[in-house]
Enquirer: 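Okay, here's the structure, questions in a sec.
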Amino acid sequence: MTRAISGALRAAVHGRRAAALLCAGLVLALVLALTLVLAASGAGDGGFQLNPSGGLAGFGNFTGPGVPADFSGFVGPSSVQVTLLSATLLPIPGFPVPRLVHVGVHPVQEFGDVGEANYWPPRLPPLYPGGAPITMPVAAFHGYRLTPGRHSSLLIFYSFAGSRPGVDYFAAGLRVTYRVGQTDYTGNWYAYGSSCVTTPWNLTLRPRKHCSSAQASRAVAAYTHMAKQG
Amino acid sequence: MKPSRLALFVTKHPDRLAGLSLPLVALGMAVFGLTSVTSGAAAATTHPASAGRGPLAVVTGLLPSPASTAAPATIYVYGVPQPTHMKPGEKLSVSALAWQRVTTGSSFRLMIPDNRSSAAVIDRRTGRMNIQLDAFSPQGSQVWSAVARVGHAAAAPGPAVTSVGRLKPYSMGLLRRTAAATHTSPMALARQATPQAPTCDYGDYTYRYGIATRIGELHAASSNTGTYSYTSGVDSTFTVGFSGNGSGWSVDGNAGVTHTSGEGEAFNHGGYYSQYVDGKYDYEQWLQEGDTCQSGYFQVGYQWDGSAFPGYRGAPGRNINGQFVNNCTSDPTNVPLPPDGSYAWKDQGTSYFWSSGISSPWGAASFSFGGSTGYSSNVKLEWKNDQSSHYSWLCGPNNDGEYNISSWDRVYDYNS
């Protein structure tokens with residue numbers, strides 16, 4: 001009888017250990033999963049808010065086959081120093097995906113939120129007929145350091161190219177990897193851009209062979225849903 | 001413990017929300033579910049209410065008896081407010097929706113009336129309602145309590161809920177009904193019979209339908225096209241008018257209107273366009289009196305029909321250093337929109353504060369709606385530069401130092 005009771009007690013103790021181990025494992029798995037989710041969300045990892053607060057905005061333009069179309073957006077504030085490392089294109093599922101060709105950083109100088117341009121570094125057509133094109137100076141994305149604070153006058157430019165005339169190409173922004181301290185984070189940075197490929201095309205010769213506006217509206221709706229989901 | 005203990009949350013003016021939630025619930029809700037409640041030996045079940053002007057829900061059950069002999073008690077049903085009914089910093093009070101005198105160990109049958117107090121505690125987004133049941137002895141001590149969720153599709157909001165059922169869809173027509181005179185309303189009768197039951201009565205409803213109301217503004221440069229469109233799920237914020245005696249109105253807080261169905265409407269315009277955007281809203285006025293609510297007359301817009309069209313009045317230009325100018329090129333935050341089809345869009349917009357811009361639908365003797373009217377988080381504004389050689393410029397308020405077009409509540413589009 002005594003042996004049976006002590007055996008039952010041992011089993012109970014072992015049972016508690018097993019339960020404790022199981023609980024610890026579950027907690028660990030939960031923490032890991034949460035870390036992965038946070039790392040993927042881009043919602044403010046490591047003290048850096050990748051996307052600025054407020055609403056959504058986007059830009060669209062025309063470009064030639066293989067000619068870079070550039071789009072920009074701001075980043076949110078950071079409480080720490082952040083080093084930008086790399087970026088890949090963030091497509092809008094279901095819509096033509098262009099090829100990412102350039103990424104750079106542009107401090108706002110002459111204008112405010114320059115949302116779209118062409119070529120690289122980004123260029124705008126002359127302000128007046130006969131004038132010179134406007135070039136937006138950009139710094140290298142890789143290794144660019146953001147000091148703590150607001151970054152209200154810092155634009156990130158990304159540039160993509162599409163090959164087929166008559167096709168409107170779309171991007172939701174970039175998937176950005178950055179470093180805070182010794183830790184790397186990756187998150188979605190949202191900055192809608194679309195470019196309709198036409199031909200022939202250059203900065204001053206800009207034939208408007210329109211792409212589908214209905215498709216663009218659907219892309220904006222899909223992008224809005226995507227960005228609000230985070 | 002007194003029933004008033006259950007005034008869990010209090011809003012400054014809780015009952016005005018009822019007028020807002022009622023039509024919204026009617027629009028957004030298809031069918032309510034219902035729940036059963038058990039607590040110890042007690043069991044309560046909510047049933048589908050009858051059609052027409054019947055109750056919103058009927059709660060039946062058995063009040064347990066803690067002693068071997070039956071004792072008199074009064075059982076109350078309260079609506080527990082949902083968090084979505086409260087704005088930051090506000091509290092919300094609730095009053096008993098229904099009551100019944102019973103004896104312990106006997107069954108009860110409580111009808112949740114189809115009125116504003118009930119509608120005020122229905123969650124706008126889910127169409128669900130939490131209720132609390134409390135039974136008190138004649139001496140005021142609590143003898144039983146249970147919680148149930150009405151309209152919940154699955155069990156388990158609390159340990160007392162054991163099953164689910166159905167309720168009738170909320171009737172839009174009830175909104176138009178003129179409330180019963182105060183002295184004959186169920187709540188007034190309840191108050192006469194049980195002075196400790198907190199109440200709030202409503203009456204003297206009048207309505208104005210299809211009133212053009214400012215919801216935003218649109219600016220477009222010469223030869224450009226500006227588009228203003230609402231998507232589905234639009235929110236607007238209205239000021240609420242209050243008067244203690246029906247005259248001398250003042251603005252008293254804000255209330256929200258949500259339009260959740262349909263695609264909304266859009267219109268576009270080009271060529272030196274600077275105009276407010278209007279939509280058609282329905283307004284209501286009512287009188288409320290009671291122990292737990294602010295007594296007096298209230299006016300508020302409660303429903304939008306989904307329309308958006310050019311407003312009657314022109315909107316002011318860009319305010320730069322106190323001067324309204326129609327020229328974004330003098331704004332250091334301007335955004336260039338190159339010619340030949342470039343476009344920009346943003347998904348939020350509001351209108352310039354214009355305190356005297358929107359008159360009360362009840363005439364000049366009333367107050368002016370205004371202030372935050374027109375804000376929407378689901379509007380889409382778009383500008384397209386269709387000129388062949390001239391730039392278009394977008395600019396907006398820069399009070400916070402933001403160069404970001406998405407952070408501007410208003411955007412102006414002008415040529416250089």
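Side-chain atoms are counted along with the backbone in the values below, which use heavy atoms only and exclude waters and symmetry mates. This is a predicted model, so every value here is computed, not measured. All chains are named by letter (A, B, ...) in the order of the sequence lines, taking the proteins before the strands, and each is independently numbered beginning at 1.
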Enquirer: Quick test of your reading of the model: are A/Lys228 and B/Asp347 salt-bridged, counting only N-O distances below 4.0 Å?
Expert: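 Yes, charged N to carboxylate O under 4.0 Å.
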
Enquirer: Mind listing the closest non-hydrogen atom pair of A/Thr224 and B/Trp345 along with its distance?
Expert: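 That closest heavy-atom pairing would be OG1-CH2, 4.1 Å.
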
Enquirer: Between A/Asp113 and B/Val335, which heavy-atom pair has the shortest distance, and what is it?
Expert: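 Looking at all heavy atoms of both residues, the closest pair is O-CG1, 2.7 Å.
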
Enquirer: Is chain B contacted by the side chain of A/Leu155, its backbone, both, or neither, given a heavy-atom distance below 4.5 Å?
Expert: neither

Enquirer: Measure distances from A/Tyr223 to the heavy atoms of chain B and classify the residue's part below 4.5 Å as side chain, backbone, both or neither.
Expert: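 When you check distances to chain B, only side chain atoms of A/Tyr223 fall under 4.5 Å.
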
Enquirer: Mind listing the closest non-hydrogen atom pair of A/Asn61 and B/Tyr343 along with its distance?
Expert: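 Here A/Asn61 and B/Tyr343 meet closest at N-CE2, 4.5 Å.
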
Enquirer: What are the two closest non-hydrogen atoms of B/Pro336 and A/Phe111, and how far apart are they?
Expert: CD-CB, 3.9 Å

Enquirer: Got a second to check how far B/Glu382's CD is from A/Ser213's OG, nearest 0.5 Å?
Expert: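 Going from the CD atom of B/Glu382 to the OG atom of A/Ser213 covers 9.0 Å.
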
Enquirer: Residues two or more places apart in sequence or in another chain: which of them pass side chain to side chain contact (heavy atoms under 4.5 Å, CB included) with A/Ala117?
Expert: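 Applying side chain to side chain contact (heavy atoms under 4.5 Å, CB included) to A/Ala117 gives A/Asp70, A/Pro122, A/Leu124.
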
Enquirer: Using a cut-off of under 4.5 Å for heavy-atom pairs, which of A/Gly55, A/Gly60, A/Gly112 has the most such pairs with chain B?
Expert: A/Gly60

Enquirer: Taking all non-hydrogen atoms of both residues, which atom of B/Trp393 and which atom of A/Leu127 are closest, and how far apart?
Expert: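 Where B/Trp393 meets A/Leu127 most closely, the heavy atoms are CZ2-CD2, 3.5 Å.
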
Enquirer: Measure distances from A/Ala221 to the heavy atoms of chain B and classify the residue's part below 4.5 Å as side chain, backbone, both or neither.
Expert: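 Answer is neither: A/Ala221 stays 4.5 Å or more from chain B.
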
